[in-house]
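Note that the structure is a prediction, hence the values are computed from the model and not measured. In the text below, chain A, chain B and the rest are named by the order of the sequence lines, each starting its count at 1.
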Amino acid sequence: MSENPGRSPDPAGGPRRRQKPAPSDGRRLPARRSRPERPGTGRIRRFRARLLAWYDAHRRDLPWRRRPDDAWAQLVAEFMLQQTQVATVTAYYERFLRRFPTVESLARAPQEAVLALWSGLGYYRRARMLHEAARRIVREHGGEVPSTVDELARLPGIGRYTAGAIASIVFGRREPVLDGNVRRVLIRWQATDGDPDAPDLRKRLWDLAEALVPRRRPGDFNQSLMELGATVCTPRAPGCGVCPLRRSCAARRLGLTEILPRAKRRRTPEALNIVALAVERDGRLLFVRRPARGLWGGLWDLPTEAVACGERPTQALRRLVRRLAGGRRAVGRPVGRITRLLTHRKVTFRLYRLTGTPAARGIPAGRRAGDTGYRWLKPDESGRVGVSRAVQSLIAMLDRHRSRRRFRRPEADRPGRRSRDQLQGAAAEEAGEESGCGTVSLTGTSTDG
DNA sequence: CATCCGTGGCG
DNA sequence: TCGCCAAGGAT
């Protein structure tokens, strides 16, 4: 055991060597050799044992852990959990599985129903890919979720992480996983400097994860790593005092837990201004379908128009109304505005209500290029189709606006009683506020130039 | 390889 | 308020 020729990467640099301090000035630590791990070295055995013992004592009771043998349930969970936190997913998970308890049930379902249950969860392409994966599992695998990483990774929406997770958690295969949590844990454990997204570091981390995962209980081990990252080895203020790996953690020894992993630099989100129009007729609201690709792809949307750089929102509104009403004269009354922060965009919606009932009669006179349809929905029906959180907010704002107008007494109609949204929307409208520059054209929201 | 894709929580 | 991050994958 003193010699381990095939063993690597030793997180501490070697069986007997001490960990070299990680430079905090941005230099990288010397690259370590990464080769497949042979099981059984003392350090790695301790790592596994401590982590698994901790997991057995502290694992959270999560919905998908209650049916460990249900490959379909696990697959759904893994799709939902991609780039999404556990707390967010749990609200959607049970409802989705109740509606689609089997691969076949999802494979048969119309895309509309899938997106409706995904509404608000984000990254909607995942829903379409899960849908397609279910169909292919039925068609090509007899309805059984495949058990090897190679087969899994050929399915849409399944990459190396998800394939490893399913193979290990459901089928007990010795396959590693590397997600954001595992990456952070391992980077801290070995006090690795460098860009976590750099390919060479990624490869080394995959190699390390591969070396660490045991033959026995690989799924539990992988989950324990992720669980540790999610609950103890958190990005900020990690709970090192209760960490099962604290005795062997290089970052802790070197006082680098607050520094590692090195933060990614992100661009500041780009400002994007959108006018949206509420077109009401017979108690229904007009929705248009967004193009399948791009932002909020395939979801239903209110009619929108991008505000060009330097343009007043009202100009875009006029353009939108003209396009919808086929040149008819109609006006939009400002309802309010909302702002959504996306990963790399800050989208401001200004909502208007179309006034003038005759105008709504001829709508939609034409459709935008890329739109695949439109429909009129009653308020209680909007939950049945896929809509983004932004649209949910717009609808809620419209509802508040309506009830205010219906119930308020005239003397209550003073600025102090109006919501901030409406006030801002109205103020912006009156001021003829211009859109900020630097906006890009939103896919599917072309200015139909 | 870089960029794109949503949303919510946290300090 | 604001930046960062999350059980990533596709292009």
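Counting to the nearest Å, the P atom of C/dG8 and the CD1 atom of A/Ile166 are 13 Å from each other. Atom-to-atom, CZ of A/Arg262 to C1' of C/dC4 comes out at 15 Å; the value is rounded to the nearest Å. In this structure, the CD atom of A/Glu175 is 17 Å from the C1' atom of C/dA7, given to the nearest Å. The CZ-C1' distance, from A/Arg59 to C/dA7, rounds to 15 Å in whole Å. For the pair A/Gln83 CD and B/dC4 C1', the interatomic distance rounds to 12 Å; values are reported in whole Å. The interatomic distance linking A/Arg126 (CZ) with C/dG9 (P) rounds to 11 Å, in whole Å. Between A/Leu201 atom CG and B/dC1 atom P there is a gap of 13 Å when expressed in whole angstrom units. Rounded to an integer number of Å, the gap from CG of A/Leu341 to C1' of B/dG9 is 13 Å.
A/Arg389 has a side-chain polar atom (N or O) that falls below the 4.0 Å cut-off from OP1 or OP2 of B/dG8. Residue A/His344 places at least one side-chain N or O closer than 4.0 Å to OP1 or OP2 of B/dC5. Listed pair A/Arg345 / B/dC5 meets the phosphate criterion, a side-chain N or O lying under 4.0 Å from OP1 or OP2. In this structure, A/Gln85 does not reach the C/dA6 phosphate: none of its side-chain N or O atoms is under 4.0 Å from OP1 or OP2. Between A/Tyr123 and the phosphate of C/dA6, there is no side-chain N or O to OP1/OP2 separation shorter than 4.0 Å. Listed pair A/Arg183 / C/dG8 fails the phosphate criterion, with no side-chain N or O lying under 4.0 Å from OP1 or OP2. Taking side-chain N and O atoms only, A/Thr162 has a distance below 4.0 Å to OP1 or OP2 of C/dG9. The phosphate of C/dA10 (OP1 or OP2) has no side-chain N or O of A/Arg293 nearer than 4.0 angstrom. One finds a side-chain N or O of A/Trp296 lying less than 4.0 angstrom from the OP1 or OP2 phosphate oxygen of B/dT7.
A donor-acceptor contact under 3.5 angstrom links the side-chain atoms of A/Thr84 to the base of B/dG6. Side-chain atoms of A/Thr343 and base atoms of B/dG6 include a donor and an acceptor less than 3.5 Å apart.
If you check every strand for non-hydrogen atoms under 4.0 Å, A/Trp118 touches nothing. Here A/Arg340 lies in heavy-atom contact (under 4.0 Å) with sugar-phosphate atoms only. Within 4.0 Å (heavy atoms only), A/Arg154 reaches no atom of the nucleic acid at all. Backbone-only contact: A/Ile158 has heavy atoms under 4.0 Å from sugar-phosphate atoms and none from a base. When heavy atoms are screened at a 4.0 angstrom cut-off, A/Met80 is found touching no nucleic acid atom at all. Residue A/Gly120 is classed as a sugar-phosphate contact, given heavy-atom separations below 4.0 Å to backbone atoms only. Note on A/Leu62: a base of the nucleic acid sits closer than 4.0 angstrom, heavy atoms only.
Minimum atom distance to the side chain of A/Pro199 is reached by B/dC1, of the listed C/dA7, B/dC1, C/dA10. For A/Arg60, the listed nucleotide lying nearest its side chain is C/dA7; candidates were C/dA7, B/dT7, C/dA10.
A salt bridge links A/Arg323 to A/Glu305: at least one charged side-chain nitrogen sits closer than 4.0 Å to a carboxylate oxygen. Salt-bridge annotation for A/Asp301 and A/Arg289: absent, with no side-chain N of the basic residue lying under 4.0 Å from a carboxylate O of the acidic one. Between A/Asp399 and A/Arg402 there is a salt bridge, since a side-chain N of the basic residue sits under 4.0 Å from a carboxylate O of the acidic one. Using a cut-off of 4.0 Å between Lys/Arg side-chain N and Asp/Glu carboxylate O, A/Glu258 and A/Arg252 are scored as not salt-bridged. Salt-bridge check for A/Glu210 with A/Arg174: passed, with a basic side-chain N closer than 4.0 Å to an acidic carboxylate O. Residues A/Arg65 and A/Asp61 are not paired through a salt bridge, judged by the lack of any N-O separation under 4.0 Å between the basic side chain and the carboxylate.
Between C/dC5 and B/dG6, the two C1' atoms lie 13 Å apart (nearest whole Å). Atom P of C/dA7 sits at a distance of 15 Å from the matching atom of B/dG11, rounded to the whole Å. Taking the P atom of each, C/dC4 and B/dT3 are spaced 16 Å apart, rounded to whole Å. The gap from the P atom of C/dC2 to that of B/dC5 amounts to 22 Å, rounded to the nearest Å.
Positionally, the nearest nucleotide of DNA chain B for A/Leu121 lies more toward the 5' end than for the other of A/Leu121 and A/Ala87. Both A/Arg236 and A/Arg160 lie close to DNA chain C; mapped to their nearest nucleotides by heavy-atom distance, the more 5′-ward contact belongs to A/Arg236.
For A/Phe96 and A/Trp118, the distance between ring centers is under 6.0 angstrom. Between A/Phe47 and A/Trp189, the distance from one ring center to the other falls under 6.0 angstrom.
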